[in-house]
Participant: 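Structure provided below as structure tokens; questions to follow.
Numbers here simply count residues along the sequence, with the first being 1.
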Amino acid sequence: MADPGAGRAGAVATRSNTRHRRAQWKATTPQLVPITVDGVVYRVPQRLAKAYERGLPHPES
């Protein structure tokens, strides 16, 4: 019978380590930038500003 630990390279991510790492992560609020669509100014996330200017999504939704 094969050894259950054989073949592992020593860098095993345990459940405890994973949960500790995830607990340290903090989300940040996106930077909002003003854009004008049809004469109305909206504040949208910076990474989506060009898409809104091109008319792909609608700011009302």
Participant: The criterion is side-chain hydrogen bond (donor to acceptor under 3.5 Å, both in side chains); which residues satisfy it with Asp38, sequence neighbours excluded?
Facilitator: none
Participant: Tell me the side-chain hydrogen bond (donor to acceptor under 3.5 Å, both in side chains) pairs involving residues 14-35, sequence neighbours left out?
Facilitator: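 Passing the test, one end in residues 14-35: Thr14-Asn17.
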Participant: State yes or no: do Leu56 and Val40 share one hydrophobic cluster built from I, L, V, M, F, W and Y residues joined by side-chain heavy-atom distances below 4.5 Å, directly or via other members?
Facilitator: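 Leu56 does not cluster with Val40.
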Participant: So which heavy atom on Ile35 is nearest to which on Ala49, and how close?
Facilitator: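 Looks like CG2-CB, 4.1 Å.
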Participant: Of all the heavy-atom pairs spanning Leu32 and Arg43, show the shortest one and how long it is.
Facilitator: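 Minimum heavy-atom contact is CB-NH2, 3.8 Å.
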Participant: With Val41, which residues qualify under side chain to side chain contact (heavy atoms under 4.5 Å, CB included), at least two apart?
Facilitator: Pro34, Thr36
Participant: If you look at every heavy atom in Pro45 and Pro30, which pair is closest and at what distance?
Facilitator: CB-CB, 4.1 Å
